[in-house]
**Student:** 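My structure is below; once you've seen it, I'll send some questions.
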Number of protein chains: 2
Amino acid sequence: MGRTSTAKEKLLDVAFKLIWDQSYGSVSVDDICQQAEVKKGSFYHFFESKAELAIAAYEEHWRVKQPEMDRIFSSQTPPLERLATWAQFIYEVQKLKAAEHGHVCGCPYGSIGSEVATHDDKIRLKCEEMLGRTLRYLECAISEAKRDGVVDCPCPKAAANQVSSFVMGAMVQAKIQNDVEVLKNLGPTILSIIGEKKSAVAVTT
Amino acid sequence: MGRTSTAKEKLLDVAFKLIWDQSYGSVSVDDICQQAEVKKGSFYHFFESKAELAIAAYEEHWRVKQPEMDRIFSSQTPPLERLATWAQFIYEVQKLKAAEHGHVCGCPYGSIGSEVATHDDKIRLKCEEMLGRTLRYLECAISEAKRDGVVDCPCPKAAANQVSSFVMGAMVQAKIQNDVEVLKNLGPTILSIIGEKKSAVAVTT
DNA sequence: ATAGTAGTTGACTAGTCGGTCAAGTTGATT
DNA sequence: AATCAACTTGACCGACTAGTCAACTACTAT
């Protein structure tokens, strides 16, 4: 019944990209509509506010991204290798994004979360949820590494939090310094945070 | 010559606080003027733009904060103790701020930097500078720890970057989860990042 | 064929934004 | 006491903000 439309999908896609490339506050509904080639009236046919669009856009982005995360954190891969692949993946994505836009874009969740956490609780909660999903991958990998005895770590959940903090902070730093190379070698530090056994691993810039 | 005024100082102080509590984009010049009890005309007598005010406000904040940093990172204190005190200091400041405003405010430099880095290069550079100043304290402490042989770390500068990333990321995470307790025990993780020798230190939530 | 609904359109609010300015006031210097 | 620079004031600007709405159109299910 009624006509069909791709406007909603275009809006979700454009909104996520623009907010990631710039920021939530500096991207206007008009900007999003223009880039998506959708009139503002249509925007408000699909979404009841800018905040609701942002939340939907981030949820949609996760839906698309999840299979890749499942692949990276596959049980078929040794747990420490998962973490290394994830670190490398982050670097590659940021490098691509930076080349495309002329500046480092940072973590999409961390950026919007840090920006609006103090004055938009709904968006803050969505970010918290996304963060939680990532933490689950990390915790799972770390506790398996512990079970395998390749890691010396009293609490995998706490370790997952620390790893997540470190990686998110590195992305903030890369964004502020506008230098993607900050993210080049996150792997070894991640390992030293979770207390890998083995021999010493070189920690370089 | 001419009359004197405290308007400039009030504007710097109020601006820093409001931007820290909220965000750069969501705080208007009118907000700042109202809170500082200064008319907008006077604002533009002292500052040529909102961005210039922000930069000046951050510089002024550092000027006030530096003596405390000098004290924390005093050469009179053993290097690893400096780091522990710094970590504790961050927790205390954030706890106070959170109690005052009802939400975790996060790192003032990281928040504004992450928000505007992609569309205001002047502010981005100021944040980069502030970050650099902090890194100098860290690098100095870490290289002294290395010299004292209490730490096993190939490159103090890289280690300082990693520590800074971890702490900044923890502040982002605390802000997004609106939970200051995330910052309660940064010390042990900092030590494991820089490769402290000693026996194992409990890493808890 | 047509009814009915999903989607489109553009003109429209009402408020806010950063920023300007000319005229007025104050107070330290002479 | 007079001067003049430093500071204050409030009205004002045009651009932009998120959001509204009634009229219109196209498509799908019958």
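None of these values were measured; they are calculated from a predicted model. Note on naming: letters A, B, ... go to the chains in the order of the sequence lines (proteins, then strands), and numbering restarts at 1 for each one.
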**Student:** Quickly work out the B:K50 NZ to D:dC16 C1' distance and round it to whole Å.
**Tutor:**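 Nearest whole value for this atom pair: 14 Å.
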**Student:** Start at the 5' end of DNA chain C and walk down; is the nucleotide closest to A:S5 or to B:V27 reached first?
**Tutor:**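 The 5'-side residue here is A:S5.
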**Student:** Round to the nearest Å and state the distance from B:Y44 atom OH to D:dC13 atom C1'.
**Tutor:**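 Atom-to-atom, B:Y44 to D:dC13, this comes out as 13 Å.
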**Student:** Just how far, in rounded Å, is C1' of D:dA18 from CD1 of A:I19?
**Tutor:**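 For the pair A:I19 CD1 and D:dA18 C1', the rounded distance is 14 Å.
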**Student:** Whole angstrom is fine here: how far is it from CZ in A:F46 over to P in D:dC21?
**Tutor:**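 Answer to the nearest Å: 18 Å.
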**Student:** Taking NZ from A:K39 and P from C:dC12, how many angstroms apart are they, rounded to a whole number?
**Tutor:**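 Roughly 16 Å, once rounded to whole Å.
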**Student:** Among D:dT28, C:dG10, C:dG19, find the nucleotide with the atom closest to the side chain of A:T4.
**Tutor:**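 Output: D:dT28.
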**Student:** Tell me if the NZ atom of B:K50 is crowded by more than 12 foreign heavy atoms within 6.0 Å.
**Tutor:**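 Yes, NZ of B:K50 has more than 12 neighbouring heavy atoms, counting only those of other groups under 6.0 Å.
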**Student:** When you check the side-chain N and O atoms of B:Y24 and A:E115, is any donor under 3.5 Å from an acceptor?
**Tutor:**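 Result is no, nothing qualifies.
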**Student:** For the side chain of B:S28, counting heavy atoms from C-beta on, which of C:dG18, C:dT8, D:dT17 is nearest?
**Tutor:**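 Given the options C:dG18, C:dT8, D:dT17, the side chain of B:S28 is closest to C:dG18.
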**Student:** Please state how far atom CZ in A:F47 lies from atom C1' in C:dG7, giving the value in whole angstrom units.
**Tutor:**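 A:F47 atom CZ is separated from C:dG7 atom C1' by 13 Å.
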**Student:** Choose from C:dG18, C:dG7, D:dC7 the nucleotide whose nearest atom is closest to any side-chain atom of B:V29.
**Tutor:**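 Of C:dG18, C:dG7, D:dC7, C:dG18 is nearest to the side chain of B:V29.
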**Student:** With respect to the side chain of B:H45, which nucleotide from D:dC7, C:dT8, D:dG19 is positioned closest?
**Tutor:**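 That would be D:dC7.
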**Student:** When you check the side-chain N and O atoms of A:S164 and A:N161, is any donor under 3.5 Å from an acceptor?
**Tutor:**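 Looking only at side-chain atoms, A:N161 and A:S164 do not form any donor-acceptor pair under 3.5 Å.
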**Student:** Should the heavy atoms of other residues, nucleotides or ligands under 6.0 Å from NZ of B:K122 be counted, would the total exceed 12?
**Tutor:**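 It does not: B:K122 NZ has 12 such atoms or fewer within range.
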**Student:** A:S42 near the nucleic acid: base, sugar-phosphate alone, or nothing, with a heavy-atom cut-off under 4.0 Å?
**Tutor:**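 Here A:S42 touches the bases of the nucleic acid.
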**Student:** What is the distance, to the nearest angstrom, from the CG atom on A:L11 to the P atom on D:dG19?
**Tutor:**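 Value for this atom pair: 14 Å.
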**Student:** So does B:K40 reach the base of C:dG19 with its side chain, donor to acceptor, closer than 3.5 Å?
**Tutor:**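 Between C:dG19 and B:K40, which were checked side chain against base, a qualifying N/O pair under 3.5 Å is present.
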**Student:** So which one's nearest nucleotide on DNA chain D is more toward 5', A:D30 or A:E48?
**Tutor:**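 Between the two, 5'-proximity favours A:D30.
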**Student:** Considering only heavy atoms from C-beta outward, does the side chain of B:T189 approach that of A:I193 to under 4.5 Å?
**Tutor:**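 Of all side-chain heavy-atom pairs linking A:I193 with B:T189, at least one is under 4.5 Å.
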**Student:** Taking CG from B:D31 and P from C:dG15, how many angstroms apart are they, rounded to a whole number?
**Tutor:**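 Between P of C:dG15 and CG of B:D31: 17 Å.
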**Student:** Answer with yes or no whether A:R3 presents, from its side chain, a donor or acceptor under 3.5 Å of a partner atom in the base of D:dT25.
**Tutor:**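 Between D:dT25 and A:R3, which were checked side chain against base, a qualifying N/O pair under 3.5 Å is present.
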